[in-house]
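In what follows, every chain begins at residue 1, and chains take the letters A, B, ... in the order their sequences are listed. Given the structure is predicted, the values throughout are model-derived calculations rather than measurements.
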Number of protein chains: 2
Amino acid sequence: MHCGKRLQGIGGRVTKHDRSKTAQPRPASIAAVAHRAGVSIATVSRVMNGIENKASSETASRVMAAVESLGYRPQSVGRALRQRESRIVGVLAANLGNPAMAAAAASIELALRDAGFVMALCDTHEDAGIQDEYLAEMEAQLARGIVLLVAVPSPKLDALRAAGRPLIFVNRRDPGAEDSTFVGIDDHAAGRAVAEHWLAKGETGPFGLLHASLAFSAGRHRAAGYLGRLAEAGIDEGSIAHATGPGRHHLEIGYIGMARLLEATPRPRRILCLSDLIAYGVYRCLVERGVSVPGEIELFGFDDNPLNAWIAPWLSAVRIPYEIFGTAVVASLAALIDEGRATTALLNHELVIRGGSPRGPARDVMSQASRIILETKSPGA
Amino acid sequence: MHCGKRLQGIGGRVTKHDRSKTAQPRPASIAAVAHRAGVSIATVSRVMNGIENKASSETASRVMAAVESLGYRPQSVGRALRQRESRIVGVLAANLGNPAMAAAAASIELALRDAGFVMALCDTHEDAGIQDEYLAEMEAQLARGIVLLVAVPSPKLDALRAAGRPLIFVNRRDPGAEDSTFVGIDDHAAGRAVAEHWLAKGETGPFGLLHASLAFSAGRHRAAGYLGRLAEAGIDEGSIAHATGPGRHHLEIGYIGMARLLEATPRPRRILCLSDLIAYGVYRCLVERGVSVPGEIELFGFDDNPLNAWIAPWLSAVRIPYEIFGTAVVASLAALIDEGRATTALLNHELVIRGGSPRGPARDVMSQASRIILETKSPGA
DNA sequence: AGCATTAGGGAAATCGTTTTCCTTCGCAAT
DNA sequence: ATTGCGAAGGAAAACGATTTCCCTAATGCT
């Protein structure tokens, strides 16, 4: 359909090379260390955990020497069992194929590792069933916390929220509660800023909007900000063509939605796409029809994933600072675990404007005066 | 440098909303289930694990009813501790920002989940230190196996290999052993196929090659196949301009490498890039200089990640079937764990040819007669 | 009848940690 | 001289599962 002709079907060849199955020698346990150091396992544990006043420095160094010589590393499962809490933090991403989410995941992973956690990353495909499966699994793993990189409503999610487990919602707010911990941008202000940008350039439209489901916070707020600002400028909401596509696949939503939008009269010339992937779908649709971008139709995306700068010089976008999401998530997690405080972190977005002439340099033009609204409490209300 | 002008620095605002810290009610344990069902915990365990001949059907249904009513789900840590093996499979990816790796990770995750495993995904940034850190952590987690989605040599890797732990190398072969389990394509044949494609079209060059480090199997084999076929056609290896860039970031390698290649005489007109990301870097370099792609310079990439079809109509590529990597990885893992057999799975690659005229449709043109060589045992030797 | 086998199920050991009690010792304050 | 206290460290109890021994009936086979 949308993939090129292939030269041959899938398949392949598997060759097998035998290999002796050696019995696994057990790795050194805390008992082995204790024995070699001539102390009890309690002391080893205390030294390993840096507990003061429980071991003389002489004993401690003896223990450390034993640890060193045996290459001992505590098994996480033993500790997790005893403490009823592991160092795993589950990160449930809606779609790893989206470079923006991959960027967020990479950032979160880095920050978690710095903080001594271990990330377990999953792909929920934005499906409630799979999300529930993973939520249950994270519970079974005694995960310290769960990060939902775009959540959908699901029964298990409700259960965990009710049980007070540490949940962190990223990009899309908790679909089931107002005051859950959130890390993201001010979507309403960002949507506004795009409209503001076009208005400041003297554009009069026709404007368009392409989006996935508006049932969730991010999309709803972005759309509301965009449409609200246009309305303030006297542009009737009815005159703004908007479309979506079927399903959850943003690429196809953009492709199919754009095809519909092309039939609208008047045909929109400035279109906001609520994600980069939607804009990609739009791009393919327009390229196939010979419509020049941004010559005839100018696009604005959301996310500005790191690849845009390299291969999408035709796409301006609201840049979400995924590279700092990690530290924000970890900080929020700490507040939630240590103090039981749910926080809302609104990170600053930016507008990245690209000229996109196909033959000229991929120059990025600075937009004037796009206000970043920081004070929003309940965006999009 | 390569990112657009920004309208404001990063930063943001954090608001905090208090929330009562409720004491966590413990989830139901196996003891609770046993008590409610009026049996011993041993029986519950046996029922849960479907062990035959150890519980009457009447008892079993009583247990299941108790499980149901308590919402019991076994904690993984307890089981892992006892069995000295968890259901976690570590997947160490070199760079999640690469959509091809994200695609591979997504596929592997799906297959692992089907097989009852849990994926823990990490980003090693292709750094030996970070890789070692994660390898050690996976050991501590009693991971059932470790998948290295592009590995680098590291001490801990040697240690695990020597200890006979289940390691699976994907895309890049084990840098420290010949006969480790491998899942990937026949890189040598793929490199050959690109040369073959161009030769079959009557191209005479000048040809070029852009690559990251050639110290590892994949790149080395691809380059050898490509250059080998060109040499067979009488094209001197010395006449083939090739370049690389500093570091490990393929985007920048492509960008900087292409800048160097532009100074070569004669300037190459057909360039093979050993990854899509390198091709992206090349593209940006050429767009900035006003060189048309594929008009003046034709590019061939490796991977053909799923986004190419949407936004890179100018890029032909060797398509690696990442969507089936998952099943191959799981099959290899099973062979390794259950039978101690190390296997080599060479999956079929394909050539995806794109026309890429910027204004025309993004049509995919079928190439004629690109042989896929299946019999290779030691490619590139 | 005598014996082996199997189904059914419980008690307890086990995995590798952390943590709670203890005990002992030395020293300072009363 | 007695008490109190902190440092140092050991013994043993958790944690939640699986698994190894057991034991008792019942059944099949000679």
Side-chain angles (χ1 to χ4, degrees), chain A residues 24-64 66-67 70-88 137 139-144, chain B residues 24-64 66-67 70-88 116 136-137 139-144:
Chain A
Q24 303 275 340
R26 285 198 204 176
S29 77
I30 194 173
V33 175
H35 183 247
R36 172 176 278 240
V39 297
S40 74
I41 60 168
T43 299
V44 175
S45 173
R46 292 193 270 247
V47 169
M48 291 294 291
N49 291 296
I51 293 177
E52 299 291 325
N53 300 336
K54 277 306 207 174
S56 68
S57 61
E58 192 258 341
T59 306
S61 61
R62 211 152 26 111
V63 169
M64 290 315 287
V67 165
L70 292 172
Y72 170 67
R73 171 156 180 149
Q75 286 195 12
S76 304
V77 277
R79 167 197 300 238
L81 178 59
R82 171 65 222 230
Q83 303 194 135
R84 280 202 291 283
E85 196 159 63
S86 81
R87 282 167 35 238
I88 292 177
E137 183 59 38
E139 279 295 283
Q141 296 284 347
L142 297 178
R144 192 74 65 94
Chain B
Q24 303 274 340
R26 284 199 203 175
S29 75
I30 194 172
V33 175
H35 183 247
R36 171 176 279 240
V39 297
S40 72
I41 60 168
T43 300
V44 175
S45 172
R46 293 193 270 246
V47 169
M48 292 292 292
N49 291 295
I51 294 177
E52 299 292 324
N53 301 337
K54 277 308 205 173
S56 67
S57 61
E58 192 258 343
T59 307
S61 61
R62 214 155 20 114
V63 168
M64 290 315 286
V67 165
L70 291 173
Y72 170 67
R73 170 156 181 149
Q75 284 194 14
S76 303
V77 278
R79 166 199 299 238
L81 179 59
R82 171 65 223 232
Q83 303 193 136
R84 280 202 291 281
E85 197 158 63
S86 83
R87 281 168 35 240
I88 292 177
E137 183 59 38
E139 279 296 282
Q141 296 283 348
L142 297 177
R144 192 75 66 94

Ignoring hydrogens and geometry, is there a side-chain-to-backbone donor-acceptor pair from [X] to [Y] under 3.5 Å?
X: B:Arg144; Y: B:Ser86; answer: yes
X: A:Ser45; Y: A:Ile41; answer: no
X: B:Arg87; Y: B:Gly116; answer: yes

Without decimals, in angstroms, what is the distance between [X] [atom1] and [N] [atom2]?
X: B:Ile51; N: D:dT19; atom1: CD1; atom2: P; result: 7 Å
X: B:Met48; N: D:dA17; atom1: CE; atom2: C1'; result: 11 Å
X: B:Leu142; N: D:dG16; atom1: CG; atom2: P; result: 18 Å
X: A:Glu139; N: D:dG16; atom1: CD; atom2: P; result: 13 Å
X: A:Asn53; N: D:dG9; atom1: CG; atom2: C1'; result: 13 Å
X: A:Arg87; N: C:dT17; atom1: CZ; atom2: C1'; result: 13 Å
X: B:Gln141; N: C:dT17; atom1: CD; atom2: C1'; result: 13 Å
X: B:Arg84; N: D:dT19; atom1: CZ; atom2: P; result: 11 Å

Inset, instruction - Tell me which nucleotide among D:dT19, C:dT18, D:dG9 gets nearest to the side chain of A:Lys54. - result: D:dG9
Inset, instruction - Return the residues of residues 27-34 of chain A meeting this criterion: a heavy atom under 4.0 Å from some atom of DNA chain D. Order them by number, or give none. - result: none
Inset, instruction - Output the residues of residues 73-82 of chain A in contact with DNA chain D, where contact means a heavy atom of the residue under 4.0 Å from an atom of the strand; sort by number or write none. - result: A:Leu81, A:Arg82
Looking at every heavy atom in both [X] and [Y], which two are closest together, and how far apart are they?
X: A:Thr59; Y: A:Val39; value: CG2-CG1, 3.8 Å
X: A:Gly38; Y: A:Arg62; value: O-NH1, 4.4 Å
X: A:Val63; Y: A:Ala37; value: CA-CB, 4.0 Å

Legend entry - Pairwise 5' ranking along DNA chain C for A:Val44 and B:Ile41, keeping only the more 5' one: B:Ile41
Check this one for me: any side-chain N or O of [X] less than 4.0 Å away from OP1 or OP2 of [N]?
X: A:Ser56; N: D:dG9; result: yes
X: B:Gln83; N: D:dA17; result: no
X: A:Thr43; N: D:dG9; result: no
X: B:Ser40; N: C:dG9; result: no

Inset, instruction - For B:Ala55, report the nucleic acid contact type (base, sugar-phosphate, nothing); a contact means any heavy atom under 4.0 Å. - result: sugar-phosphate
In the structure I gave you, are the side-chain heavy atoms of [X] and [Y] within less than 4.5 Å of one another anywhere?
X: A:Pro74; Y: A:Met48; result: yes
X: A:Asn49; Y: A:Arg79; result: yes
X: B:Ser29; Y: B:Gln75; result: no

Legend entry - Distance-only donor-acceptor test, B:Arg46 side-chain atoms vs C:dG10 base atoms, 3.5 Å: yes
Inset, instruction - Report the C-alpha separation of B:Gln141 and A:Ile88 in whole Å, then their side-chain angles, then the decisive distance to 0.1 Å, and conclude whether the side-chain contact (heavy atoms from CB on, under 4.5 Å) test is met. - result: CA-CA 10 Å; B:Gln141 296 283 348; A:Ile88 292 177; 3.9 Å; yes
